[in-house]
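Here is the structure we will look at.
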Amino acid sequence: MLLEIKDLHAAIDGKEILKGLNLQVNKGEVHAIMGPNGSGKSTLAKVLAGHPSFEVTKGEVLYEGKNLLELEPDERAREGIFLAFQYPVEVPGVSNSQFLRLAYNEKMKHLGEEELDPLEFNDYLTEKAKIVEMDKAFFKRSVNEGFSGGEKKRNEILQMAVLDPKLAVLDETDSGLDIDALRIVAEGVNKLRGADKAIILVTHYQRLLNYIEPDFVHVLAGGKIVKEGGKELALELEEKGYDWVKAAGN
Amino acid sequence: MTLAVKETIYQQDFQAKLENANQPAWLKDLREKAFAYFTENGFPTPKNEEWKYTNIAEISNFKFQISNSKAESQTGELLKEFNFERNGLTALHLAFADFVLVTIPKETSVEKPFEFNFKAAENEANFPHIIVVAEAGSKATIIENYESDAKSFTNSAIQIFVEDNANVTHYRVQKESAEAFHIGTTEITLKRGSFYNSTNINLGGRLSRHDIHLKFTGEGGEAFVDGLYMLSGAQHADTHSTIDHTVPNCTSHQTYKGVLNDRSRGVFNGKVFVRENASGTDAQQSNKNLLLSNDARVDTKPQLEIYNDDVKCAHGATVGQLEEEELFYLLSRGLNESLARNLLTYGFAEEIVNKIGIESIKKELDEAVLNRLQTILEA
Ligand SMILES: Nc1ncnc2c1ncn2[C@@H]1O[C@H](COP(=O)(O)OP(=O)(O)O)[C@@H](O)[C@H]1O
Ligand SMILES: [Mg+2]
């Protein structure tokens, strides 16, 4: 098992958001986590990535059988966890390629593999950019600065492609995308699927799941998983809305 | 009338300077006036509001050597427009100034930058003075480069006249030794439809102060007055700037950034005046500071004085640490904490350095910034 979350409770500023969440993810699987706004989806994503504002008050998270919660955010990343942010952060003055090469090389160093110099990395990045049909002009630009909403999301998937994570958590990667961009991003994600990797798709809407078929759908409400099923559950949610599952969460 | 005699430290040097042959009577006269002002007023002290945060006792208490160059350089009547009566230092500057005059002829675009390199020697005082006249419709780039590798004293000035529809790019890089003292004055006059774009980089100096006085005198002018001070150890850097909108429809942008480590101290005082007559003014000013240590300190004071209703103005200042969300973003990509912090700091400074359009200078500054951060980042 790649990831095992047991009775996870997490709080921010003393306010409990996650209230006993359980989830199991195996290699090769794609899991969708759906739920109404404010149900704690982003909180789960950030807790997995190690955001310092959230405090885990109870429960356990095992990643490859080891305690994930004792690792720093950067250690988690080097161990293969990747979070595509719901709101990607702008980093003025630092170029995309500079940033990505540093991140890539940190991981290579950690794995004891060869680092790439700027020229080699440029070739590597050019290949990866094709996955999300991203223009080379974005390499030189400051990370996310002045990018449109859709470009930022694409840039997140480019980062995912470069870092090749074992566990990718994509937080609302579909929001703010028009239909063409959604298709490009979804196809990109599909290319990054693999038997030795897993993806957790966090989304409010069913529409992304038309393009990336999940193996499992979990519904999060009130800080807990309140319903689980196969991909057909997403369609049911689309039809009925969240009210009927929300009730179950309370 | 008897003059109050306050400061005699450079009296003999001044006599020698006056005896120097080859200077026109008007210049000799001007120097005497300037020196009299200095003698009467002495060096500025923190009692003066404009010098409140910058104590130059270390300059006034030390007798620097003044080299008496025989070669009298070229100057012009525009020198008379230089306001030496701002304080004792500007007066001292003019009394001893060595001149360079650059004229860019009408409608001429000069590709190759005019580059001025000044290197101060140990215990020496230097007083370079540049006059740039960009005649109507001309275009040029000016580079001022200040270096030193010891305790030295530079007291420099530049006057830039950007005439109708002329375009001047100006880079000023001060990377003197951390023992050096540096005083600089920049005066800019912008005429109708002219454009001026400056980037002022302050990396060196034990104690440095840069005064900028920019004045729009013709409609439709536009100016960028941007800068960076990046300090460590016990360095102190002060920027005082005045942007004066005296005529309608001019635009000014000012972005100054500070990165302060250790016990260093920065001062930013930026005044923007919009005079009664200056309708249609657009003036933006910001000063952002990053404090990397608990002992570093910044005193920032952006000031807007507006005497006209038909204007668009904004100003602001921030003093703070790195943004937590930015830091987390970098960590979440596998960068360790010190690398992430350095990269963010680098990015903060690079926003200004990236303005520099000359690759060789930009590269050198990138390296200087990285050196400051003591990381192993490569370009
Ligand atoms: N930084 C924060 N400070 C305080 N409350 C927060 C913070 N971030 C999220 N919350 C609260 O946590 C709850 C869950 O938010 P979130 O995880 O973002 O939900 P979702 O992603 O499902 O929309 C909400 O009630 C939200 O207001
Ligand atoms: Mg969310």
Side-chain angles (χ1 to χ4, degrees), chain A residues 45-46 48-54 71-85 87-111 115-118 121 140-145 152 156 159-160 162-165 169 171, chain B residues 199 201 226-228 230 255-259 286 288-290 318 320-357 359 362-363 365-370 372-373 375-379:
Chain A
K46 286 182 187 171
L48 291 177
H51 195 291
S53 299
F54 295 90
L71 298 183
E72 294 296 328
D74 54 318
E75 294 173 317
R76 298 182 194 195
R78 293 193 294 270
E79 290 290 343
I81 290 184
F82 180 86
L83 169 61
F85 283 52
Y87 304 108
V89 177
E90 298 186 4
V91 190
V94 177
S95 77
N96 234 350
S97 57
Q98 206 172 18
F99 170 51
L100 280 172
R101 190 171 72 86
L102 281 170
Y104 178 83
N105 281 343
E106 284 295 292
K107 184 173 172 185
M108 289 301 115
K109 222 186 293 178
H110 176 72
L111 296 176
E115 298 178 36
L116 297 182
D117 69 27
F121 185 75
K140 281 210 154 158
R141 284 175 56 181
S142 292
V143 179
N144 293 327
E145 196 185 33
K152 283 182 183 169
E156 293 292 284
Q159 295 182 26
M160 174 179 165
V162 165
L163 296 173
D164 189 27
V169 182
D171 192 1
Chain B
T199 310
I201 308 286
D226 299 332
L228 169 71
M230 197 160 179
T255 305
Y256 254 78
K257 288 187 144 189
V259 178
S286 95
K288 292 184 192 156
N289 296 282
L290 197 51
T318 60
Q321 277 89 40
L322 292 171
E323 293 286 335
E324 283 305 315
E325 287 307 311
E326 288 181 21
L327 188 60
F328 176 64
Y329 191 63
L330 268 53
L331 295 175
S332 80
R333 299 306 183 240
L335 270 55
N336 68 51
E337 183 160 345
S338 71
L339 186 57
R341 284 186 182 279
N342 282 339
L343 190 63
L344 288 176
T345 308
Y346 171 78
F348 181 87
E350 282 297 292
E351 262 199 293
I352 301 296
V353 175
N354 281 340
K355 271 194 70 193
I356 295 178
E359 205 46 46
K362 190 184 131 22
K363 202 160 170 229
L365 287 173
D366 281 348
E367 277 160 23
V369 168
L370 286 178
R372 277 297 161 94
L373 296 170
T375 66
I376 41 147
L377 295 182
E378 296 147 36

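A note on names: the letters A, B, ... follow the listed sequences, proteins ahead of strands, and every chain is numbered from 1. No experiment lies behind these values; they were computed from the predicted model shown.
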Just wondering, are more than 12 heavy atoms of other shown residues or ligands nearer than 6.0 Å to CD in B/E323?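 At most 12 heavy atoms, drawn from other residues, nucleotides or ligands, come within 6.0 Å of this atom.
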Above 12 or not: heavy atoms from other molecules or residues under 6.0 Å from NZ of B/K355?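 More than 12 heavy atoms, drawn from other residues, nucleotides or ligands, come within 6.0 Å of this atom.
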Please report the closest heavy-atom contact between [X] and [Y], naming both atoms and the distance.
X: A/A77; Y: B/L331; value: CB-O, 3.9 Å
X: B/L343; Y: A/V94; value: O-CG2, 3.5 Å
X: B/S332; Y: A/F85; value: OG-CE1, 3.4 Å
X: B/F328; Y: A/P73; value: CE1-CB, 4.0 Å

Does any heavy atom of chain A fall under 4.5 Å from the side chain of B/E337, the backbone, both, or neither of them?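 Backbone of B/E337 only, per the 4.5 Å heavy-atom cut-off to chain A.
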I would like to know whether B/E351 and A/E145 meet side-chain contact (heavy atoms from CB on, under 4.5 Å); could you show each step before the answer? CA-CA 11 Å; B/E351 262 199 293; A/E145 196 185 33; 3.8 Å; yes
Which atoms of A/V143 approach chain B - backbone, side chain, both or neither, heavy atom under 4.5 Å: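 When you check distances to chain B, only side chain atoms of A/V143 fall under 4.5 Å.
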Evaluate the ring planes of A/F99 and B/Y329, with Trp represented by its six-membered ring, and classify them as parallel (under 30°), tilted (30 to 60°) or perpendicular (over 60°).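 Geometry flag for B/Y329 against A/F99: parallel rings.
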Pick from B/E324, B/E350, B/R333 with the largest number of heavy-atom pairs that fall under 4.5 Å of chain A: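 If we count pairs closer than 4.5 Å to chain A, B/R333 comes out on top.
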No-hydrogen, no-angle side-chain donor-acceptor test under 3.5 Å, B/E325 and A/H51: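 There is such a pair (donor and acceptor under 3.5 Å, judged by atom type) between the side chains of B/E325 and A/H51.
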Have a look at B/N336 and tell me which of A/H110, A/E72, A/R78 forms a side chain to side chain contact (heavy atoms under 4.5 Å, CB included) with it.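 Only one option passes, and that is A/R78.
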